[in-house]
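Scope of the values below: all heavy atoms of this structure, side chains included, with no hydrogens, waters or symmetry mates. Just so it is clear: chains get the letters A, B, ... in the order the sequence lines come, proteins before strands, and each one is counted from 1. Computed from a predicted structure; not experimentally measured.
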2 protein chains.
Amino acid sequence: MTPTIRDVAKRLNLSITTVSRALDGYDDVAEETRERVKRVAREMGYVPSGAARQLRRKRSEAIGYILPTIQPRFSDPFFSEFIAGLGDEAASNNFDLLVSTAPPGEIAEQLLYERWTHSRRVDGMALSRMRRNDWRVEFLSSKKLPFVTMGSSLDSSSHPYIEVDARSGFSALVKHLVERGHRRIAFIGAQPDLMLQSVRLEGYRDGLEAAGIPFDEKLVAEGNLTRQGGFEAAQRLLAMPDPPSAIIGINDLTAIGAMNAAHEKGLAIGRDLAVAGYDGIEDAEHTRPPLTTLNQPVYDIARRLVRMLLALIASESLAEPQILLQPELIVRESTNP
Amino acid sequence: MTPTIRDVAKRLNLSITTVSRALDGYDDVAEETRERVKRVAREMGYVPSGAARQLRRKRSEAIGYILPTIQPRFSDPFFSEFIAGLGDEAASNNFDLLVSTAPPGEIAEQLLYERWTHSRRVDGMALSRMRRNDWRVEFLSSKKLPFVTMGSSLDSSSHPYIEVDARSGFSALVKHLVERGHRRIAFIGAQPDLMLQSVRLEGYRDGLEAAGIPFDEKLVAEGNLTRQGGFEAAQRLLAMPDPPSAIIGINDLTAIGAMNAAHEKGLAIGRDLAVAGYDGIEDAEHTRPPLTTLNQPVYDIARRLVRMLLALIASESLAEPQILLQPELIVRESTNP
DNA sequence: TCTTGCTTCCAAAACGTTTTGGAAAAATTA
DNA sequence: TAATTTTTCCAAAACGTTTTGGAAGCAAGA
């Protein structure tokens with residue numbers, strides 16, 4: 001069996017207290033003893049039992065993240081980047097990352113949050129894809145479990161988050177298209193309960209208003225953040241009697257779907273139809289033509305979120321609890337042939 | 001504070017033993033009492049402490065997976081699909097998925113494996129991207145920690161795994177290209193220590209041999225499983241005096257990179273140069289032209305791996321410890337204009 | 001000599017479960 | 001009725017740590 005602290009203590013003729021304190025770096029143990037303890041512990045391959053430590057310390061040294069699995073077999077590069085960021089930063093602080101999956105809004109999701117918070121399997125959580133008046137915010141606040149979010153929600157409660165200013169971003173995107181001579185600019189959005197939908201749609205409207213173009217709701221279609229959703233929405237838009245000359249996708253996947261729909265209709269993207277997205281995923285560099293997009297540094301945001309979360313867990317106060325970043329407009333040939 | 005089992009017992013005037021056994025479904029508690037216990041427990045919002053349970057049961061009800069983060073900001077759709085599969089299946093068995101990240105082959109990786117196994121934070125592990133004579137296999141075997149792998153390694157020890165028969169797959173891919181009239185078929189591979197490199201390269205050679213085409217090592221280039229790697233390798237291949245008429249990428253990302261290199265050189269893919277990949281990621285459906293590939297059901301494999309792993313953890317014996325699946329050749333316009 | 005103050009160690013009490021080995025009460029059998 | 005079995009409950013002992021509140025030994029000061 002794997003050795004326990006008792007085995008180490010016995011071998012050293014010391015009490016388990018001293019072993020524990022020696023390894024934890026307390027200063028009431030002689031430097032020479034500490035060295036002996038450390039050496040023997042390593043020799044014996046001793047690693048403290050996570051469960052026992054958690055039970056006693058009442059902390060799990062783990063943070064949680066629940067992946068919103070919409071369809072089975074989903075694959076959105078946003079999430080692998082986000083998880084990599086969470087994992088890297090957690091790992092470099094000796095924290096673990098607990099991941100689970102649940103379809104958003106369903107009962108299973110709620111059960112999972114309850115299980116994790118009540119059983120104290122995690123010391124804190126990271127949330128993404130915020131919804132309007134997200135129940136998770138209220139729930140976690142009431143349970144006093146530290147959490148951080150990517151993007152804000154519409155709650156009055158103001159929790160720590162990092163938000164990318166998508167509103168200005170989309171406005172800038174519209175400006176860019178207007179400068180290229182476009183007047184009929186369509187927008188393919190997402191489910192209306194998502195914060196990113198309201199925010200980005202508003203940015204789109206801001207942009208139109210600034211250019212003096214009246215808002216036309218027939219130019220707004222609903223997708224679902226996937227390629228397929230973008231594809232179908234774009235088909236509908238392009239089948240209109242007076243189709244748009246430019247399409248903005250709420251994210252890159254949507255935009256890529258739209259490009260495919262256009263291509264299938266025989267339109268030359270960039271010339272006949274401009275297309276732009278949001279996210280800055282790697283795929284967007286490799287479409288043909290390459291996709292104009294707004295880049296947000298997902299990996300870095302994830303790492304930074306974890307740092308904030310760890311500070312909260314250590315009940316330090318945050319210098320900057322709400323952070324607003326600007327996305328970077330990357331103009332490529334899909335809007336600039 | 002969150003209620004403990006003691007609080008529930010006190011409220012019911014029962015012993016904590018009975019509460020525990022009632023909730024765990026033992027049959028030595030009266031049906032009527034069980035109902036009372038369940039009701040009150042729910043009312044009080046009682047959830048057993050994970051740490052205490054783990055400590056006593058000596059099981060963590062969690063499985064681990066370590067993401068091979070090669071570069072910072074990596075995003076390979078393979079992994080989001082794989083993690084979604086692991087997470088979904090684990091969640092539906094009330095298991096948690098512990099994820100961490102480590103660059104493969106470095107000391108940090110080893111430390112992580114040691115920490116997780118010794119501290120018993122996980123009951124078992126899933127591995128992917130197997131290396132030749134993978135030390136992890138030996139390590140986990142010696143620690144007697146259950147594990148399953150996607151793909152086999154070259155170890156004599158035969159652990160449970162699911163392997164996709166990439167060797168036949170690549171052979172079939174070559175056959176397909178030969179039938180389309182190609183004789184100079186290049187292969188862009190990956191780092192030589194990866195199992196998938198040896199296996200897929202062998203499949204490629206099998207295919208050449210079956211077609212009576214001599215193997216030419218100048219047609220084999222090394223990539224790194226990313227688009228960028230594929231792009232650069234393809235540039236080298238296409239700059240040769242007698243360039244290939246077809247390129248096979250070891251995975252879809254590599255192939256997509258190769259398509260871009262060809263496109264940059266003004267070659268019409270499908271007509272001037274055939275390109276094919278392996279994985280069946282969603283991106284491959286949306287390249288222009290769509291990419292011929294070998295599809296492997298990553299999501300399902302991940303779920304199945306977890307089922308195998310849970311059986312191992314419950315020390316059941318597996319009906320089929322080693323599973324070999326056939327990839328499905330999906331011919332698209334990149335090789336079939 | 002008796003305090004006082006360090007330094008270095010430790011015994012015992014948590015932490016919140018599950019499990020073991022009965023015991024009391026009720027039901028069945030002889 | 002007495003003996004046996006079945007049903008239903010429980011006290012106490014783990015599980016492996018960390019933390020609390022000293023205690024022993026020794027040097028320095030009075």
(message) Salt bridge check, B:R129 against B:D134: does any charged N sit closer than 4.0 Å to a carboxylate O?
(response)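 Judged by the 4.0 Å cut-off on N to carboxylate O distance, B:D134 and B:R129 do not form a salt bridge.
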(message) Between A:E32 and A:R34, does any NZ, NE, NH1 or NH2 come within less than 4.0 Å of an OD or OE carboxylate oxygen?
(response)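 Answer for the salt bridge query: no.
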Identify which nucleotide among [options] has an atom closest to any side-chain atom of [X], counting heavy atoms from C-beta outward.
{"X": "B:D24", "options": "C:dT18, D:dT19, C:dT8", "value": "C:dT18"}
{"X": "A:D28", "options": "D:dC9, C:dT8, D:dT19", "value": "C:dT8"}
{"X": "B:I5", "options": "C:dC9, C:dT17, C:dG16", "value": "C:dT17"}
{"X": "B:R57", "options": "C:dT18, D:dC10, D:dG16", "value": "C:dT18"}

(request) Kindly indicate whether the side chain of B:R56 and the base of C:dT18 share any N or O donor-acceptor pair separated by less than 3.5 Å? (result)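 Answer is yes: a donor-acceptor pair is held.
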Could you give the [atom1]-to-[atom2] distance, from [X] to [N], as a whole number of Å?
{"X": "A:L23", "N": "D:dT19", "atom1": "CG", "atom2": "P", "result": "13 Å"}
{"X": "A:R21", "N": "D:dT19", "atom1": "CZ", "atom2": "C1'", "result": "7 Å"}
{"X": "B:R34", "N": "D:dT8", "atom1": "CZ", "atom2": "P", "result": "10 Å"}
{"X": "A:R53", "N": "C:dT17", "atom1": "CZ", "atom2": "P", "result": "21 Å"}
{"X": "B:E31", "N": "D:dT7", "atom1": "CD", "atom2": "P", "result": "13 Å"}
{"X": "B:R59", "N": "C:dT17", "atom1": "CZ", "atom2": "C1'", "result": "14 Å"}
{"X": "A:L55", "N": "D:dA14", "atom1": "CG", "atom2": "P", "result": "17 Å"}
{"X": "A:L12", "N": "C:dC9", "atom1": "CG", "atom2": "C1'", "result": "13 Å"}

(message) With nearest nucleotide decided by heavy atoms, which residue, B:A52 or B:D27, maps closer to the 5′ end of DNA chain D?
(response)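 So the residue in question is B:D27.
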(request) Answer with base, sugar-phosphate or nothing: what part of the nucleic acid does B:I16 contact at a heavy-atom distance below 4.0 Å? (result)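 Touches a base.
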Below the 4.0 Å mark, does [N] have OP1 or OP2 next to a side-chain nitrogen or oxygen of [X]?
{"X": "B:Y26", "N": "D:dT7", "value": "no"}
{"X": "A:K58", "N": "D:dT18", "value": "no"}
{"X": "B:R6", "N": "C:dG16", "value": "no"}
{"X": "B:S20", "N": "C:dT18", "value": "yes"}
{"X": "B:S15", "N": "D:dA11", "value": "no"}
{"X": "B:T17", "N": "D:dC10", "value": "no"}

(message) Is a donor from one side chain sitting under 3.5 angstrom from an acceptor on the other, for B:T18 and B:S15?
(response)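 There is such a pair between these side chains.
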(request) Verify whether one side chain among A:S141 and A:H159 offers a donor that lies under 3.5 Å from an acceptor in the other. (result)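 Their side chains do not contain a donor-acceptor pair, so the 3.5 Å distance test is not met.
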(request) Just do the side chain to side chain contact (heavy atoms under 4.5 Å, CB included) check on B:Y113 and B:H118 with the steps written out, would you? (result) CA-CA 8 Å; B:Y113 275 92; B:H118 287 252; over 6 Å; no
(request) For residues A:F82 and A:Y65, establish whether the separation of their ring centroids is below 6.0 Å. (result)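 So the answer is yes for these two rings.
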